[in-house]
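Data first, discussion second: the structure below is written as structure tokens.
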Amino acid sequence: MLDPVRENFVKDGVVMKIWQFDHAWIRNGKMVYEVMRVIDGRPLFLDDHLERMMNSASMAWKGCEVEAGRSQKDILKLIDHNPKDNGNILFSLVPGNGKLHHLAWYVQHHYPSEEDYLNGVMVRSMKGTRRQPNAKVWNAPLRSKASLLLESSGAYEMLLVDRNRNITECSRSNIFLLRGDKIFTPPENEVLQGITRKKVFDLCRELQISITEKTIPLQELPFYEAVFITGTSRGVLPVQMIDSNRFNVSNPVIKKLMDGYNQLVEEDIRK
């Protein structure tokens, strides 16, 4: 995921060629980062991503204040110096030589197919937690473990389960479970507060859909009727199976949220 693609990237406001990218910049210290989707050359929910990056930096480096405007300028410069189509940008803060460096580059992306949205995706569970759930900090061991299990199982996502066998989030997504027309999701202090997760909460308030944060034991999965995951690349995506548990991918509440989220995306990129 960290390998840069496309011709140019940006480091501390300077446009550079991809062959100049040095992976040592991002390996030698804690990296706070965001992955943001670009649609037709327009950054999606840019303000939300910048706000979360500032919050993550404050948690990762004890009150560190970050100038969001610098990252915003780098992102727009990156888009301007590469093809203006669809893709994912990773922008980050990395300590080095006594200061924080701003880096932005395009990464490989994989968006769900129409069939994935129609039939749902497969998810498998694994033991694993983030050290600082609310801060988006690169966690190489967890990423590596999840990637290996995804490859061996053929699943679309890995569901993280803590030491108490409670569901937290997925390796790259947040998770929501439905019983009837009510939605349940793990508490915000135990998960990365995803941008799409935030939009789902906004939609639930607008559409008067009941949503509750609660601890969800893995063993209670069979008592839920439907499941969906959310994230930058996937939006709102139904889940057909977690381990041996099957779910209804045609749940009308999920369809309503999918339509509502897609409308939010259209409105944001047309601003």
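What's counted below: heavy atoms across the whole structure, side chains too, no hydrogens, waters or symmetry copies.
In this structure, Arg52 contributes its side chain and Glu34 its backbone to no donor-acceptor pair below 3.5 Å. Between the side chain of Arg234 and the main chain of Arg172, a donor-acceptor pair closer than 3.5 Å is present. A donor-acceptor pair is defined here as one N or O able to donate and one able to accept, closer than 3.5 Å; such a pair exists between the side chain of Glu169 and the backbone of Leu192. A distance-only check finds a donor-acceptor pair linking the side chain of Asn174 to the backbone of Gly194 [under 3.5 Å]. For Asn82 (side chain) and Leu78 (main-chain N/O), a donor-acceptor pair under 3.5 Å exists by modelled atom type. Distance alone, capped at 3.5 Å, is enough to place a donor-acceptor pair between the Trp105 side chain and the Leu2 backbone. Between the side chain of Thr196 and the backbone N or O of Gly231, at least one donor-acceptor pair lies under 3.5 Å. The closest donor-acceptor contact from the side chain of Lys145 to the backbone of Lys127 lies under 3.5 Å. Gln20 contributes a side-chain N or O that, together with a main-chain N or O of Lys17, makes up a donor-acceptor pair within less than 3.5 Å. A donor-acceptor contact shorter than 3.5 Å links the side chain of Ser153 to the backbone of Ala155.
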- Query: Going through the distances and angles, do Val94 and Leu100 end up as a side-chain contact (heavy atoms from CB on, under 4.5 Å)?
  - Reply: CA-CA 5 Å; Val94 184; Leu100 282 177; over 6 Å; no
- Task: Mind running side-chain contact (heavy atoms from CB on, under 4.5 Å) on Met122 and Gln240 for me, showing each step along the way?
- Result: CA-CA 6 Å; Met122 307 281 286; Gln240 65 163 272; 3.6 Å; yes
- Message: Run Ile242 and Leu159 through side-chain contact (heavy atoms from CB on, under 4.5 Å) and show every step you take.
- Response: CA-CA 8 Å; Ile242 301 177; Leu159 175 63; 4.0 Å; yes
- Mind running side-chain contact (heavy atoms from CB on, under 4.5 Å) on Asn8 and Met16 for me, showing each step along the way? CA-CA 6 Å; Asn8 299 299; Met16 304 175 72; over 6 Å; no
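Defined by atom type and a distance below 3.5 Å, a donor-acceptor pair is present between the side-chain atoms of Ser71 and His102. Using modelled atom types, one finds a donor on one side chain and an acceptor on the other under 3.5 Å when comparing His101 with Asp12. Remark: the Asp243 side chain and the Ser125 side chain contain an N/O donor-acceptor pair separated by less than 3.5 Å. Checked by atom type, the side-chain pair Thr185/Glu213 shows no donor-acceptor distance below 3.5 Å. When only modelled atom types and interatomic distance are considered, Asn88 and Ser233 share a side-chain donor-acceptor pair under 3.5 Å. Donor-acceptor pairing under 3.5 Å is recorded for the side chains of His23 and Asp3.
The heavy-atom pair separating Thr232 from Arg37 by the smallest distance is CG2-N, 3.5 Å. Nearest heavy-atom pair across Lys199 and Leu264 is CB-CD1, 4.1 Å. Ser56 approaches Lys136 most closely through the heavy-atom pair OG-N, 2.9 Å. Listed here is the closest heavy atom pair of Pro222 and Asn245: CG-OD1, 3.3 Å. Pairing each heavy atom of Pro217 with each of Ile167, the nearest pair is O-CD1, 4.4 Å. Of all heavy-atom pairs spanning Gly13 and Asp74, the tightest one is CA-OD1, 3.2 Å.
For the pair Asn248 and Tyr224, the minimum side-chain heavy-atom distance is 4.5 Å or more. At least one side-chain heavy atom of Val32 sits under 4.5 Å from a side-chain heavy atom of Trp61. Gln72 is listed as a side-chain neighbour of Leu46, based on a closest heavy-atom distance under 4.5 Å. Counting heavy atoms from C-beta on, the side chains of Val239 and Ile229 come closer than 4.5 Å. Under the 4.5 Å side-chain criterion, counting only non-hydrogen atoms from C-beta, Lys84 is not in contact with Asp40. Counting only heavy atoms from C-beta outward, the side chains of Ile89 and Pro43 never approach each other to under 4.5 Å. Between Val253 and Ile209 the shortest side-chain heavy-atom distance falls below 4.5 Å. A 4.5 Å side-chain heavy-atom check between Pro186 and Asn166 finds every atom pair outside the cut-off.
Around CD of Glu115, the count of heavy atoms belonging to other residues, nucleotides or ligands within 6.0 Å does not exceed 12. No more than 12 heavy-atom neighbours from other residues, nucleotides or ligands sit within 6.0 angstrom of CZ on Phe223.
With rounding to the nearest 0.5 Å, the separation of CG in Asn55 from CG in Leu50 is 11.0 Å. Note that SG of Cys170 and CZ of Arg124 are 12.5 Å apart. Values are rounded to the nearest 0.5 Å. Once rounded to the nearest 0.5 Å, the distance linking CD1 of Ile75 with CE of Met36 reads 4.0 Å. In this structure, Glu220 CD and Thr215 OG1 are separated by 9.5 Å, a value rounded to the nearest 0.5 Å. Interatomic distance, CD1 of Ile175 versus CD1 of Ile216, reported as 7.5 Å (0.5 Å rounding). Rounding to the nearest 0.5 Å gives a distance of 10.5 Å between CG of Leu257 and CG of Asn262.
Under the 4.5 Å side-chain heavy-atom criterion for ILVMFWY residues, a single connected hydrophobic cluster contains both Leu203 and Val236. Under the 4.5 Å side-chain heavy-atom criterion for grouping Ile, Leu, Val, Met, Phe, Trp and Tyr, Met258 is connected to Leu207 within one hydrophobic cluster. Note on Leu90: it does not cluster hydrophobically with Leu44, by side-chain heavy-atom contacts below 4.5 Å among ILVMFWY residues. Each of Leu237 and Val249 belongs to its own hydrophobic cluster when Ile, Leu, Val, Met, Phe, Trp and Tyr are linked at side-chain heavy-atom distances under 4.5 angstrom. A single hydrophobic cluster is seen to contain both Ile195 and Ile39, as judged by linkage of ILVMFWY side chains at heavy-atom distances under 4.5 Å, directly or through other members.
The ring-ring contact (aromatic ring centres under 6.0 Å, His included) contacts involving residues 140-182 comprise Phe176-Phe228, where partners must be two or more places apart or lie in separate chains. Among residue pairs with one or both ends in residues 235-271, none qualify as ring-ring contact (aromatic ring centres under 6.0 Å, His included); sequence neighbours excluded.
For Gln263, the side-chain hydrogen bond (donor to acceptor under 3.5 Å, both in side chains) partners are Glu267, not counting sequence neighbours. When the side-chain hydrogen bond (donor to acceptor under 3.5 Å, both in side chains) test is applied to Ser113, the partners found at least two apart in sequence or on another chain are Asp116. Every residue two or more places apart in sequence or in another chain was checked for a side-chain hydrogen bond (donor to acceptor under 3.5 Å, both in side chains) with Lys11, and none qualifies.
A salt bridge between Asp80 and Lys77 is absent, with no side-chain N of the basic residue lying under 4.0 Å from a carboxylate O of the acidic one. A salt bridge does not link Asp85 with Arg42: none of the charged nitrogens is closer than 4.0 Å to a carboxylate oxygen. Comment: Asp202 does not engage Lys198 in a salt bridge, judged by the lack of any side-chain N to carboxylate O separation of less than 4.0 angstrom.
Within the cation-pi definition used here (under 6.0 Å to the ring centroid, within 45° of the axis), Arg179 qualifies as a partner of Phe184.
The hydrophobic cluster containing Leu150 also includes Met126, Leu142, Leu149, Met158, Leu160, under a criterion of side-chain heavy atoms closer than 4.5 Å among ILVMFWY residues, counted directly or through chains of members.
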